[in-house]
Amino acid sequence: MNGHSRGIDQFSAGMRKGFEDVYDLSVFTLRFFTSVFKAPFELGEVRKHLDDLGAKSLPLVSMVGFIMGLILAMQTRPTLDRFGAGSYLPAMIALSIVRELGPVITALIVAGRVSSGIAAEVGSMRVTEQIDALEVNGVDPYKYLVVTRVVACTIMMPLITAYVDFLAILGGYVAETITYTSSFQLYFTDVINSLTFFDIIPGVAKTAVFGFIIGIIGSYKGFTADSGTRGVGRAATAAVVYASLHIIFVDMILVRLTLYIFG
Amino acid sequence: MIDVKDILIRFEDHVVLSGVSLHVPKGSAVVILGRSGVGKSVLLKSIVGLLTPEKGSIRVMGQEVIGMKPAQLNKLRKHFGYVFQYAALFDSMTVRENLEFPLRRHAALSEEEITARVEEQLKLVDLLDAIDKMPSELSGGMKKRIGLARAIITRPDIVFYDEPTAGLDPVTAREISKLIHELEGRFGTTSVTVTHDLECARIVATRICILHDRRIVEEGTFDEMLRSEYPLTRAFFQPEIA
Ligand SMILES: Nc1ncnc2c1ncn2[C@@H]1O[C@H](COP(=O)(O)OP(=O)(O)O)[C@@H](O)[C@H]1O
Ligand SMILES: [Mg+2]
């Protein structure tokens, strides 16, 4: 076989693998919707994962959120001043944080922290036969491991994001007071006046979708991990990469969609 | 109790088992001997419905396992205990929670009954001290014994042992084999054990099957195996000749 056709073979094998992967992930995702409303609901597990998720992500997202607001204010201030629009700064910060930066940056950070954690946890349960052990004990591992984690992520992300949004806006205020004397009350009045219902709802709602992506992709990579400790490591890395890509991609679609619906 | 007929299992192009048949009468202890990688775990997993053969039939307690609905399979599994090769303890739970797990899922017992059963079971494997430890704090041999305790805590009718003695020192290995044998006697369970440990086979088995090259090549009692002419059986049973 010559080099040329070998290249094509490899390419088509890669394509097929890619399509298979997309198909498997779709089936895996659809299964969530057919299992989530069926008893038993394993609420104890959901609560455990909510706790765990919060504890894992809060320290990091708090820092990043605050500093993100700080930087945004520092960067925006000179630009706005140049156009004589300095007084719009609080509104500008609030809108960019709530509509876009808060949700996406939080989701990317949580994806890095939580999606890989889920993939590693579930993956090591796969390779050490704990998933088989659940099954012989009459437990549906998908419901017990996947549904509970995905539900927890979906509930938790909007809460975490709302908190990050607040910290980032606070960070913006701190940056302002360092260089300008600005009143706390004035800043927050501006922030609140600039935000409408149609900025907040889509911004928060899409984070639930991001949470879903983080949970489902982490679980999928863990569930399908190859045996051996290398398989678990690979699953964790792949989970972060895939989750981040999906978040960005889905965000693009959702932004388009919200602009279409809310104008 | 268990009737496996002519099953075929493969992963993509790799045929692992082909034409395997196995009969396990009620109350017997069948040991399947084979080299590592021949598909011993695969065979056990297909009997309990964790893997689905492409062809053949697997009847357990009179019911066909292949193609069985999940709900029904779960009902059947209440009669099973399964000791995994590496114990497969739930590593997010303590030893106590690991043992409680099957009881809460399979049996309707009160809290006191559950606690009593857990402690009784730990005494049986001589690990009552470890009740509040996490699996990561246990040695391999301890994990194996806990895995065994968890598998039999519901008093299953059939117990599957996947290499119960592999990776243990000879003394612990012998203790485990004896424990398995003792349990058979005490609770009258039927068991299927896969192993490559000859001593385990000697202590546990009422009947031995040799799994080689995708199928069962020989079957008989321990003494019959000792006199076998089959090369692999001789390699197992008469290592000084092979
Ligand atoms: N889930 C799986 N996917 C692909 N191949 C598998 C899988 N499980 C087992 N195998 C293959 O089947 C063969 C038998 O494995 P196994 O039953 O674990 O052997 P053992 O007799 O040591 O228990 C091995 O070659 C293994 O690579
Ligand atoms: Mg094995």
Side-chain angles (χ1 to χ4, degrees), chain A residues 13 16-17 20 24 31 34-35 38-53 55-56 117-118 120-149 152 219 222-229 231-232, chain B residues 11-12 37 41-42 44-52 60 65 69-93 97-107 135-136 140 143 146-148 150-154 156 158-160 162-163:
Chain A
R16 209 184 58 211
K17 179 105 199 359
E20 273 171 17
D24 289 346
R31 199 168 155 196
T34 57
S35 337
K38 267 194 239 142
F41 297 107
E42 311 285 3
L43 291 180
E45 285 298 298
V46 174
R47 251 200 56 202
K48 208 178 81 193
H49 296 316
L50 282 172
D51 272 357
D52 197 43
L53 249 134
K56 263 189 188 157
I118 291 177
E121 251 169 48
V122 176
S124 79
M125 291 189 76
R126 163 65 72 203
V127 305
T128 58
E129 299 181 314
Q130 290 174 57
I131 293 186
D132 288 336
L134 283 175
E135 217 173 324
V136 292
N137 277 301
V139 174
D140 176 354
Y142 188 91
K143 283 197 65 103
Y144 189 79
L145 299 176
V146 179
V147 172
T148 55
R149 282 177 170 80
S219 308
F223 229 69
T224 53
D226 295 334
S227 56
T229 37
V232 177
Chain B
F11 298 101
E12 277 150 30
S41 301
V42 166
L44 274 197
K45 284 184 183 169
S46 59
I47 297 176
V48 299
L50 287 171
L51 285 172
T52 309
V60 181
V65 173
K69 294 240 160 50
Q72 215 175 350
L73 194 54
N74 278 344
K75 217 190 247 170
L76 184 63
R77 281 176 178 154
K78 288 184 200 228
H79 301 281
F80 299 168
Y82 199 115
V83 179
F84 287 90
Q85 191 166 349
Y86 302 102
L89 300 182
F90 301 123
D91 50 24
S92 60
M93 302 179 195
E97 288 162 341
N98 263 285
L99 291 190
E100 285 172 352
F101 196 85
L103 288 179
R104 293 194 192 283
R105 299 282 162 171
H106 277 338
S136 56
K143 279 188 201 167
I146 301 288
L148 198 143
R150 183 181 68 183
I152 57 175
I153 198 164
T154 54
I158 309 173
V159 187
F160 300 90
D162 192 347
E163 313 230 9

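Below, read A as the first sequence line, B as the second, and so on, with proteins coming before strands; counting in each chain starts at 1.
- By the 6.0 Å contact criterion, OH on A:Y144 is enclosed, its count of non-hydrogen atoms from other residues, nucleotides or ligands being greater than 12.
- The contact between A:L134 and chain B is made by backbone and side chain atoms together, counting heavy-atom distances below 4.5 Å.
- The heavy-atom pair separating B:A87 from B:R150 by the smallest distance is O-NH2, 3.3 Å.
- Residue contact with chain A, scored on non-hydrogen atoms closer than 4.5 Å, involves the backbone and the side chain of B:F84 alike.
- Contact of B:L89 with chain A is made through the backbone alone, with heavy-atom distances under 4.5 Å.
- In this structure A:D132 satisfies the side chain to side chain donor-acceptor pair (under 3.5 Å) test together with B:K45, sequence neighbours excluded.
- For chain B, the option among A:M125, A:E135, A:Q130 with the highest count of heavy-atom pairs below 4.5 Å is A:Q130.
- A salt bridge does not link A:E45 with A:R149: none of the charged nitrogens is closer than 4.0 Å to a carboxylate oxygen.
- In this structure, chain A has no heavy atom under 4.5 Å from any part of B:F160.
- By number of non-hydrogen pairs under 4.5 angstrom with chain B, the leading residue of A:I131, A:V136, A:V139 is A:V136.
- Residues satisfying the side chain to side chain donor-acceptor pair (under 3.5 Å) test with B:R105, not counting sequence neighbours, are A:E42.
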